[in-house]
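Inspection log for the structure reproduced underneath, given as structure tokens.
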Amino acid sequence: MIFSNQILRLFLVAILILFVKRANSVEILQEWHVTIDRTVNPVSIEQPVILINGKFPGPLINATTNDMIHINVFNDMDEPLLFTWNGIQQRLNSWQDGVGGTNCPIVPGSNWTYVFQVKDQIGSFFYFPSINNQKAGGGFGPIRVNNRNVISVPFPKPEDEFDLLIGDWYPENYKNLAYMLIDNFTIPDWILMNGKGPYLFPSTKVYESFTVAQGKAYRFRISNVGNQWSFNFRIQNHHMLVVETEGSYTNQIMVDSIDVHVGQSYSVLVTADQNAADYYIVATPKMVNTTKLGNLVGVGVLHYLNSSTMATGPLPSGPDPFDVQFSVNQARWNLTTGAARPNPQGTFNVRNVTLSQTFILTGSRAQDANGVPCYTVNDVRYSNTDTPLKLADLMTNGSGVYELDKFSTNSSNGNPRHGVFVANGNHKGWLEIVLKNDLDVMDSWHLDGYGFYVVGFGDGDWTPASRRGYNLYDPVVRSTTQVYPGSWTAVYAYLDNPGMWNLRSQSLRNWYLGQQLYVKVYDADPNPAKERPPPDNLLLCGKCFVLRHCDLRSFDALPRPAIAHHSLKATMK
């Protein structure tokens, strides 16, 4: 009888825990209809733009830590489609990551529902289409992950929050652009703010404007959703307090301007402490001469409530766009974090960790055996596959799709070559990644599935002695880091999230032309608490389009009526 009472108590405790977990999170349901539109034309040039529910940018995903997100995507375009969630870690669930190595695409005329949890995260992020060069055509939108009420925010609650997606924009049809990116001289022509052209520029149809009340403070969540350029952001006559980047609360420092690199997100607090008037909001590209090209400057308006005075005077000046040292110095102070993680609480101290692996990855521009320009990692241009790597793992243990650790992760692999670059990452090991940039332009790198600790920057070659300059005491955690021309950046990642994870250049040109690889983090234990099984609505393609090409025993655990399949290729090509 005592034993039965103990079982009953344990059962009641389990029910209570489940109830508390459900009470601390909500289900967020969205339905997206993705279309191509030729009437939006943000810069008065006729071109196809990717809309979600008729909007460009797409709808906000406004969540709180641990919420479950359900996005039912209807592909009403004329080509396959995938979305990825830049900075959302997809804990134990790389099936929802939405890149070519993890998912089959959603074919035209069909729909598929992403289901994922924003587990133990807070911060500012964004989503975008990840295949077929579609990011250059739009389809991106903001993601907010707010703190739960029991977790304090290290700054006063602002009067309001604004999402500001800024990025360079090509006037070409994004489908044609796929071929033009091979030409190194193809560059963007515009910088858009929330999909709108620069204020006062003759061909701009609509510009971006934010209304504020005098004396109030506002949070701007700024993301670089562009394709190639870093930019410097500033607001005329206003200071900005940097408070967060990609899910980490930073050391709070007041700045006049801030560099935001491709794929990065920041939160800044702006207090409306000036006379009631309108003021310029400006984003200018780095490493680009904009003196004679006004369309290369993104311009919006900070509008004070009841203002009757238009923004006047010259645009607020920023740092010299070619002053790399300014950007490096700013990056160094931004290496420090200013508050504990959302859940669990703790410090970012990584002084006492034991590294189990080091990857030294060099991004370079080269020519393949056919003389076609490409971008490589350790001289390997990534080859896209018909079958997503994650699906191949499930169905054929990867056989016939990729070979694990075929290419070196710490030295050159010889002359430029094509290959499916997949590296093993030790589960629950600490990985040091040294990202080297052989290019004469800015680069930035992103790792899906993780936030990594940015521990150091340096010029020239990296050596083991470079570790002496690392900041291991309080490095900031983020998912995208810049790598300066001819320089290196070092990060630490704790590989506690099993899955197949994309490590890529965030520059669309570099990524599209081969500068990426996948890191496989594997746990042999089939316990779903360590990695979730494939979803009931799993899509099939490539080698698994015809079931006889796969190990049918792998389907035993899958509800077959829910499985969809098709033969279209999930690649960026």
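- For the pair P188 and Y170, the tightest heavy-atom approach, listed with the atom from each and the gap, is N-CE2, 3.4 Å.
- Using modelled atom types, one finds no donor on one side chain facing an acceptor on the other under 3.5 Å when comparing S408 with N378.
- Of the possible donor and acceptor atoms, none in the side chain of N93 sits under 3.5 Å from a partner among the backbone N and O of R532.
- What you find for N133 and L508 is that their closest heavy atoms are OD1-CD2, 3.3 Å.
- If you check the side chains of D443 and Q515, you find a donor sitting under 3.5 Å from an acceptor.
- With values rounded to the nearest 0.5 angstrom, S466 atom OG is found 13.5 Å from F457 atom CZ.
- No side-chain donor from either of Y375 and S505 sits under 3.5 Å from a side-chain acceptor of the other.
- Of the possible polar contacts, none joining the S399 side chain to the T396 backbone as a donor-acceptor pair under 3.5 Å is found.
- Between P388 and C104, the shortest heavy-atom distance links the atoms CG-N, 3.6 Å.
- Under the 30°/60° scheme for interplanar angles, the aromatic rings of W430 and Y453 are found to be tilted.
- Rounded to the nearest 0.5 Å, atoms CG (N510) and OG1 (T376) are 10.0 Å apart.
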Open item on the list: Before you tell me yes or no, could you show the steps for F407 and V377 under side-chain contact (heavy atoms from CB on, under 4.5 Å), namely the whole-Å CA-CA distance, both residues' side-chain angles and the distance that decides it to 0.1 Å?
Closed with: CA-CA 10 Å; F407 301 106; V377 181; over 6 Å; no
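- Judged by the 6.0 Å distance and 45° axis criteria, R478 is positioned over the aromatic ring of Y266.
- Residues satisfying the ring-ring contact (aromatic ring centres under 6.0 Å, His included) test with Y402, not counting sequence neighbours, are none.
- Annotation: side chain of I69 is in contact with side chain of F116 (closest heavy-atom distance under 4.5 Å).
- Using a 4.5 Å cut-off on side-chain heavy atoms (C-beta onward), L439 and P485 make no contact.
- Contact check for R509 versus L177: no side-chain heavy atoms found under the 4.5 Å cut-off.
- Scored by the salt bridge (Lys or Arg N to Asp or Glu O under 4.0 Å) test, D37 finds no partners at all (sequence neighbours excluded).
- Judged purely by distance below 3.5 Å, without hydrogens or angles, the side chains of N53 and Q30 never pair a donor atom with an acceptor atom.
- Side-chain atoms of N413 and D379 include no donor-acceptor pair closer than 3.5 Å.
- Note on ring orientation: taking the six-membered ring where Trp is involved, the planes of Y127 and F83 are perpendicular (angle over 60°, cut-offs 30° and 60°).
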Task: Worked check of salt bridge (charged side-chain N to carboxylate O under 4.0 Å, His left out) between R91 and D496 - done: CA-CA 9 Å; R91 298 293 301 172; D496 62 344; 3.1 Å; yes
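- Between N424 and Q357, the closest heavy-atom pair is O-NE2, 2.9 Å.
- Ring orientation note: the planes of W511 and F128 are nearly perpendicular, at an angle over 60° on the 30°/60° scale.
- Close placement of the F56 and F140 rings is indicated, their centers lying within 6.0 Å of each other.
- Ring to ring, Y114 and W32 are not that close: their centroids are 6.0 angstrom or more apart.
- For E172, the salt bridge (Lys or Arg N to Asp or Glu O under 4.0 Å) test picks out no residue, with sequence neighbours left out.
- Contact of the K390 side chain with the N103 side chain is not registered, since no non-hydrogen atoms from C-beta on lie closer than 4.5 Å.
- The two residues P285 and W229 have their closest heavy-atom pair at CB-CE3, 3.7 Å.
- At least one side-chain heavy atom of Q134 sits under 4.5 Å from a side-chain heavy atom of I50.
- Side chains of Q117 and N66 form a contact here, defined as non-hydrogen atoms less than 4.5 Å apart.
- The shortest distance between side-chain heavy atoms of D448 and Q90 does not fall below 4.5 Å.
- In this structure a side-chain-to-backbone donor-acceptor pair under 3.5 Å is missing from E31 to N72.
- Under the 3.5 Å distance criterion, with hydrogens and angles disregarded, a donor-acceptor pair is assigned to the side chains of S124 and E244.
- In terms of heavy-atom proximity, I166 sits nearest to I222 at CD1-CG2, 4.1 Å.
- Taking the side chain as every heavy atom from C-beta outward, D459 and S487 approach each other to under 4.5 Å.
- A salt bridge links D259 with K286: the distance from a Lys NZ or Arg NE/NH1/NH2 to an Asp or Glu carboxylate oxygen falls below 4.0 Å.
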